[in-house]
There are 4 protein chains.
Amino acid sequence: MNKTKEKIFNAAIDIISQKGFYKSTMDEIADKAGVAKGTLYYHFNSKDDILIFLIDEGLSLLKSQILEKINHMKNSAEKLREIIVVQSNFLFKYKDFVLILLSQLWGKEEIQNSFREKIYDYLKIIEDIIDEGIEEKLIEKCDKKLLSSAFFGMISSLIIFQFRNNDVIDPEHIADSVIEYTFNGIHYRDKSL
Amino acid sequence: MNKTKEKIFNAAIDIISQKGFYKSTMDEIADKAGVAKGTLYYHFNSKDDILIFLIDEGLSLLKSQILEKINHMKNSAEKLREIIVVQSNFLFKYKDFVLILLSQLWGKEEIQNSFREKIYDYLKIIEDIIDEGIEEKLIEKCDKKLLSSAFFGMISSLIIFQFRNNDVIDPEHIADSVIEYTFNGIHYRDKSL
Amino acid sequence: MNKTKEKIFNAAIDIISQKGFYKSTMDEIADKAGVAKGTLYYHFNSKDDILIFLIDEGLSLLKSQILEKINHMKNSAEKLREIIVVQSNFLFKYKDFVLILLSQLWGKEEIQNSFREKIYDYLKIIEDIIDEGIEEKLIEKCDKKLLSSAFFGMISSLIIFQFRNNDVIDPEHIADSVIEYTFNGIHYRDKSL
Amino acid sequence: MNKTKEKIFNAAIDIISQKGFYKSTMDEIADKAGVAKGTLYYHFNSKDDILIFLIDEGLSLLKSQILEKINHMKNSAEKLREIIVVQSNFLFKYKDFVLILLSQLWGKEEIQNSFREKIYDYLKIIEDIIDEGIEEKLIEKCDKKLLSSAFFGMISSLIIFQFRNNDVIDPEHIADSVIEYTFNGIHYRDKSL
DNA sequence: TATGAATGAGGATTCATTCAT
DNA sequence: TATGAATGAATCCTCATTCAT
């Protein structure tokens, strides 16, 4: 990504997360990037193209961060814990990107189908780990597709929690809570025994 | 809601869930509803106004369905189970509405803030039950705001799971799995003992 | 004019003078009049028709007020003086009507041509008096059509003066000044002689 | 003003004077200007903005014409005469502009208030000269604000006279008559003495 | 006489995209 | 590579008018 394209990339994240994809205009993005509108079309084929590029870059980053971390781990439960941590941190570091992504997952149009396909690729990573965990008897038998969806939705929607609390929350706390919740559930267990 | 307004309401749900709010046009909605474009504006102030009305009606329905069910329940764990069941069923029965709702939760504009406020109201119901459950020692101590967000996100995102499986899924199965997951977590427990 | 029509008439004057004819809507006029929109169409054929009725009624009133006053006057200079007084007072008493009238005199469309024709009828009254005055050697020979136009424009535009001074002006003072100006001009005359 | 903006400017004057501001459409103006509708919005923010630009340009031109002429005059009576001449000629040369201006002076909306403010600026020029004239004992003491309004209205409304006579009038004749009328009034004076 | 729900033609405005420079 | 003036299809919204009651 050269200098100009990067300026556009950052401006697009900024503007689109602020106003939503459809309410963002090429003018605004160009303005924010400090380039002429025509320049956008030199680097991207269309407005949709910018969005696709954004999503691809963001998801690639998330995937690579996760794979890098869990690469040399052996224990699948540990891997899942790490994914929760990485995804939580990613949520806060790249909040604007995540907002754009989440706003695009619910449509029935072709472009949104393609975004969901990319999410499925990501979920596959999680599913594979769940599989491992089941095999290793670290994780209960379960519907792994269902679980990975739930897993993804649970963490992502925490961004709503973040809105509600005006951004003053601690990613560590979130990750810990989600790990506890995910592994042990909310059922009360008498610890006095 | 009179006859005409209801025709518009149904057409709007249909069109907007299909194409997304911003790609839906007033012409299409009017066409689908079988009324003239001007009639839309006789019953609603603006396109936004239709969306707001949709969200309000949908969330009211969900809330009333849940409150009706848990009204005469005593056990808070039972109540949470019921909420999972109702919300899961709602997800499948009113999939189109849920898609519209989910697509609107991630923006920073005033209208989306207002939608999130309405979600918070809904989450309050869940939080109160969690509180009860903690008091009754049926549920572990936890961050209830965080948990209710996670809870909502987990169930909602199952709609992605549904997309992935081309709609051939069983709401019962989903509800059961989510209940199991939520209460006991995914940690393997040796049942041979 | 029956009760309902009068309510509409007054509401129309009010709304149209406030927002201008084209920015006024039938809804607003009906609202202000306290009747249903359909009722407007029972009493008038169209929006234009309301405007025409307004102008006709207003100009008739002005004409009748003037004719009543100058009817038994003999001296044409006195008559002109009286016209200035009446027209000045009319300007302040029926300011809203005058504003509507003045806003309509400058177009090239058929309806505005018709309004100007009505103004010409009014100017004829003045011209005839000027004629008398010239014959009686009370008024200098002049282009009476030009003069009556100037005369009308001069008084009417005083409404601009009124705007500028936030309505706190004295019609008497205006009438006196215009009379003095009209008859003697602004040329300095040495009164010490 | 660049080439395209000038084309729009001329087209707007033409169309708006013909049909009135509110009955003129952006389509018509674009057509007449020989540009696409979007081009109008590249050069102006809105339809109102075109009107404001028109009024500003026209009044600037009138002011500069007058100031240029009276700049090196000493005698204030001469200056007033010159203003009458210039304004009369302007009336005929830029009849379309004057019609647009006059149609906009009578409303109570913000935009019309702003137009009147601009007229007040113009009237100030006249007032100052009246002041000078009074000081130099060339003009009788009078209410200069009232007089400048009357003065403006008198000349402007001659456009009605022009309508009435189907445009076949002589600006020279008008200017002469108005000068005579303004300075000496219409009172008969026995010249045989 | 009076109502007000429904209409639909009309108009202002937006904005992604193009292209000559 | 980069620009920005120009485009015009698309879209929201307005509002005078109609008509069944």
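In what follows, every chain begins at residue 1, and chains take the letters A, B, ... in the order their sequences are listed.
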Next on the checklist: Using the rule given for side-chain contact (heavy atoms from CB on, under 4.5 Å), can you reason through C:W106 versus D:Q104, listing the C-alpha separation, both sets of side-chain angles and the distance that settles it, and then say yes or no?
Outcome noted: CA-CA 9 Å; C:W106 323 96; D:Q104 290 295 328; over 6 Å; no
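Residue-level contact check: A:K47 touches the backbone only, with heavy atoms under 4.0 Å from sugar-phosphate atoms and none from bases.
In a base pair of the Watson-Crick type (N1 to N3 plus N6-O4 or O6-N4) or a G-U wobble (N1-O2 and O6-N3), with each distance short of 3.5 Å, E:dT3 is matched with F:dA20.
Distance check on atom C1': E:dT1 versus F:dT21 gives 13 Å, rounded to whole Å.
Residue B:Y41 places at least one side-chain N or O under 4.0 Å from the OP1 or OP2 atom of F:dC13. The side chain of D:T39 contributes an N or O atom lying less than 4.0 Å from OP1 or OP2 of F:dT7.
Going from atom CD1 of D:I8 over to atom C1' of F:dT7 covers 12 Å, rounded to whole Å. In this structure, the NZ atom of A:K37 is 7 Å from the P atom of E:dA16, given to the nearest Å. We find that CD1 of C:I29 is positioned 12 Å from P of F:dC15, with the value rounded to whole Å. Atom pair D:E28:CD and E:dG11:C1' shows a separation of 10 Å (rounding to whole Å applied). Computed from coordinates, the C:L40 CG to F:dC19 C1' distance equals 16 Å when rounded to whole Å. Atom NZ of B:K3 is separated from atom P of E:dA6 by 12 Å (rounded to the nearest Å). Atoms OH (D:Y22) and C1' (F:dC15) sit 16 Å apart, rounded to a whole Å. One interatomic measurement links the two molecules: CD1 of D:I111 to P of E:dA12, which rounds to 14 Å at whole-angstrom precision.
For the pair A:M26 and C:T4, both in contact range of DNA chain E, the more 5′-proximal nearest nucleotide belongs to C:T4. Toward the 5' end of DNA chain F, the nearer of the two residues C:T25 and B:D27, judged by each one's closest nucleotide, is B:D27.
In this structure, of F:dA6, F:dC13, F:dT7, it is F:dA6 that holds the atom nearest to the side chain of D:H43. Listed nucleotides: F:dT3, E:dA16, F:dT1. Nearest to the side chain of A:V35: F:dT3.
By the 6.0 Å and 45° rule, D:K5 stacks over the aromatic ring of D:F44. Judged by the 6.0 Å distance and 45° axis criteria, A:K95 is positioned over the aromatic ring of A:F163.
The main-chain N or O of B:T25 is found under 3.5 Å from a side-chain atom of B:E28 such that the two form a donor-acceptor pair.
No side-chain donor from either of B:S60 and B:E57 sits under 3.5 Å from a side-chain acceptor of the other.
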